[in-house]
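Step one of this worksheet: look at the structure below.
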Amino acid sequence: MDEQERTNLIRILQETIQALRNKDSQTLKDLSNQSIHDASILQERHAITLAVLIYALSKIHERQESYSALKGWKSLCINCDTGLEVAKHKLENKDYNGFDEAIKLYMKNLGKLDAKLRTYILDVFQRAKINKASRIYEHGISIGRTAELLNVSRFELMDYVGKTFISDVQENITLSVKNRLKIARGLFL
Amino acid sequence: MKTLVFDTSSIISLVTNDLLHVIPDLKQLFNGEFCIPESVRVELVDKPLASKKYKLEAMMINGVINTGIFQVNKSLDVDFLLNIVNNIYSAKDKPIHILDRAEIEAVALAVKLNSLAYVVDERTMRLLVEDPAKLGRVLSKKLHTKITMNTKLLKLFKKNINKVKIIRSTELMTVAFEKGLLDKYIVGFDKKEAIDAILWGLRLRGCAISSEEIADIIKITKN
């Protein structure tokens with residue numbers, strides 16, 4: 001990770017922590033969008049992890065009215081704040097293994113939540129992963145490469161992107177339908 | 001021997017729409033070989049077999065491979081081509097890695113076998129082969145940054161892939177439909193409705209085809 005990337009990730013983490021404290025899910029979403037552009041270019045593991053994590057947090061905080069009534073919500077918020085502070089601190093010290101460990105521990109702590117809240121939160125994280133994968137694909141990276149980067153199944157990613165409007169983008173059309181069908185028909189004469 | 005090479009994405013679209021059973025009849029009409037590289041087999045069978053979600057699809061594909069409908073070709077050394085492709089586009093002085101090994105192996109196999117066509121539902125590979133400038137525009141527009149295209153590497157890529165012709169599962173199934181191989185879907189339905197259902201099924205499960213293109217195919221489908 002070069003210096004510019006590291007500084008950028010630290011800034012994003014700092015702004016995420018602040019947005020979480022302000023319960024500002026829109027800023028979280030904007031930060032996730034910012035990080036996904038970088039993740040598509042750099043394809044750097046830490047940037048991708050962060051993009052998914054921030055998006056999931058924005059979704060969780062959007063639904064905090066329903067989730068906050070569930071057992072374990074308060075400790076989730078505390079763990080969130082502490083976990084991200086630790087991760088930021090590790091990045092500031094260029095301790096990349098420590099950053100990985102902090103994120104791993106953060107995810108492990110989610111597994112300790114009360115059953116009902118845990119199910120919701122883990123589902124949000126899984127959806128966040130596939131949503132961010134579809135964004136990277138939308139940015140021009142192939143299905144295979146995107147699936148590899150996010151560690152999602154190609155089957156799942158295709159199923160997800162198929163239900164979006166990504167294929168309707170005019171730039172995606174190359175050969176005319178008539179000509180492509182002509183090629184196909186020519187194969188089975 | 002005539003060949004048709006399939007990549008991972010086109011077979012995923014077919015299996016998730018329960019259309020794999022059309023492939024043996026199509027192969028017979030084609031009178032040649034349907035091929036995939038080993039890396040594509042790994043993506044379609046070995047990896048999903050390890051999960052619960054797409055295990056059944058993996059088993060179905062494995063069945064088709066075991067009956068010899070798809071010929072699995074040994075892995076090719078594509079390091080050189082992979083390196084070219086993933087250094088064509090750059091942003092902020094950094095090369096953008098756009099394709100993975102299995103995708104490159106499939107196109108390399110199509111070139112090696114001098115295949116009549118390469119079946120790919122995935123958009124990035126199709127754009128790179130048919131209109132690399134458009135792919136550059138997609139990257140630039142979506143990443144909100146200037147994209148530099150290395151024309152020297154692009155020329156080298158083009159030289160390596162010759163003139164590979166690309167079709168998608170949608171064109172393949174349209175031909176199958178025209179040849180009557182999908183007649184069992186039409187019982188009690190209007191033919192236009194049936195082709196609409198088939199094409200939208202493929203699109204909704206990941207084939208990169210626009211709504212406009214689907215409407216155009218329906219208009220010119222012979223039935």
Side-chain angles (χ1 to χ4, degrees), chain A residues 2 4-5 33-34 36-44 126 134-149 151-189, chain B residues 4 8-9 12-13 16 26 29-30 43 47-48 51 53-54 57 91-92 94 96-100 102-103 116-117 122-127 130-131 134-135 137-139 141-145 165-168 171-172 174-175 178-179 203-213 216-217 220:
Chain A
D2 71 22
Q4 203 186 340
E5 291 163 29
N33 284 341
Q34 269 181 44
I36 208 67
H37 291 324
D38 295 338
S40 300
I41 299 169
L42 306 170
Q43 302 186 8
E44 201 273 329
Q126 189 50 36
S134 83
R135 293 299 306 276
I136 292 182
Y137 172 69
E138 186 183 9
H139 288 168
I141 312 301
S142 76
I143 287 277
R145 178 60 184 156
T146 306
E148 191 177 72
L149 278 172
N151 195 22
V152 294
S153 135
R154 280 156 176 77
F155 287 77
E156 199 169 7
L157 183 54
M158 283 191 65
D159 191 58
Y160 191 95
V161 299
K163 290 164 184 67
T164 66
F165 293 101
I166 298 172
S167 294
D168 282 325
V169 174
Q170 209 56 34
E171 279 97 346
N172 291 342
I173 301 173
T174 43
L175 205 63
S176 76
V177 154
K178 201 176 160 187
N179 285 339
R180 205 180 298 282
L181 199 52
K182 195 175 162 192
I183 297 172
R185 282 176 181 147
L187 301 170
F188 300 93
L189 290 173
Chain B
L4 203 57
T8 316
S9 62
I12 289 179
S13 301
T16 52
L26 260 182
L29 278 177
F30 180 66
E43 296 298 340
K47 288 192 180 174
S51 76
K53 207 166 178 182
Y54 294 99
E57 286 79 358
K92 299 174 183 171
K94 290 188 167 58
I96 308 176
H97 192 141
I98 52 169
L99 294 167
D100 83 336
E103 289 161 339
L116 294 184
E122 202 280 321
R123 171 213 51 185
T124 307
M125 172 63 87
R126 176 169 52 80
L127 280 174
E130 294 181 341
D131 199 338
K134 263 192 180 174
L135 179 57
R137 286 204 290 278
V138 170
L139 287 163
K141 192 173 147 187
K142 294 293 174 184
L143 295 171
H144 306 289
T145 190
K165 285 178 183 166
I166 290 181
I167 60 166
R168 298 170 286 202
E171 284 82 21
L172 203 61
T174 302
V175 173
E178 290 178 340
K179 299 278 183 192
R203 147 77 189 254
L204 290 168
R205 284 170 189 88
C207 177
I209 182 167
S210 70
S211 321
E212 196 184 313
E213 287 177 295
D216 287 346
I217 293 185
I220 58 171

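On a predicted model such as this, the values are computed, not experimentally measured, just so you know.
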Testing the basics here: between [X] and [Y], what is the closest heavy-atom pair and its distance to 0.1 Å?
X       : Y       : value
E122(B) : I143(A) : OE2-N, 2.9 Å
S9(B)   : M158(A) : O-CE, 3.4 Å
A208(B) : S167(A) : CA-OG, 3.4 Å
R123(B) : G140(A) : NH2-CA, 3.3 Å
R185(A) : E178(B) : NH2-OE2, 2.6 Å

Please flag which part of [X] lies under 4.5 Å from any non-hydrogen atom of chain B: side chain, backbone, both or neither.
X       : result
E171(A) : both
S40(A)  : both
T164(A) : backbone
Y160(A) : neither
E148(A) : side chain
I166(A) : side chain

Interface residue of largest heavy-atom contact number with chain B, from [options], under 4.5 Å:
options                         : value
Q4(A), H37(A), K163(A), H139(A) : H139(A)
L175(A), L149(A), I36(A)        : L175(A)
L187(A), L181(A), V161(A)       : L187(A)

**Report entry** Under 4.5 Å from any heavy atom of chain A - which part of Y54(B)
**Finding:**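 Contact with chain A is through the side chain of Y54(B) alone.
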**Report entry** chain A contact via S51(B) - which portion, at a heavy-atom distance below 4.5 Å
**Finding:** neither
Requested in this report: Applying side-chain hydrogen bond (donor to acceptor under 3.5 Å, both in side chains), name anything that partners K182(A), two or more places apart in sequence or on another chain.
Outcome: none
Report task. In sequence, state the C-alpha distance, the side-chain angles, and the governing distance for D100(B) and R154(A), and then conclude on side chain to side chain contact (heavy atoms under 4.5 Å, CB included). Result -> CA-CA 12 Å; D100(B) 83 336; R154(A) 280 156 176 77; 2.5 Å; yes
Keeping the roles fixed (side chain from [X], backbone from [Y]), state whether a donor-acceptor pair exists under 3.5 Å.
X       : Y       : value
K134(B) : I173(A) : yes
R205(B) : G162(A) : no
N172(A) : S210(B) : no
K179(B) : F188(A) : yes

Taking every heavy-atom pair that is under 4.5 Å apart, which of [options] has the most such pairs with chain A?
options                           : result
E43(B), R137(B), K47(B)           : E43(B)
V138(B), L204(B), V175(B), L4(B)  : L204(B)
D131(B), L29(B), L143(B)          : L143(B)
R203(B), E212(B), K165(B), E57(B) : R203(B)
I96(B), I220(B), T16(B), L135(B)  : I220(B)

Query raised in the report: Partners of H97(B) by ring pair (Phe, Tyr, Trp, His ring centres under 6.0 Å), sequence neighbours excluded?
Result: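 With sequence neighbours excluded, H97(B) shows a ring pair (Phe, Tyr, Trp, His ring centres under 6.0 Å) to no residue whatsoever.
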Report task. State whether R180(A) and E213(B) are salt-bridged, where the test is any N-O pair (Lys NZ or Arg NE/NH1/NH2 against Asp/Glu carboxylate O) under 4.0 Å. Result -> no
Query raised in the report: Is it true that D2(A) and K94(B) make a salt bridge, defined as a side-chain N closer than 4.0 Å to a carboxylate O?
Result: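 Here D2(A) pairs with K94(B) in a salt bridge, since their nearest N and O are under 4.0 Å apart.
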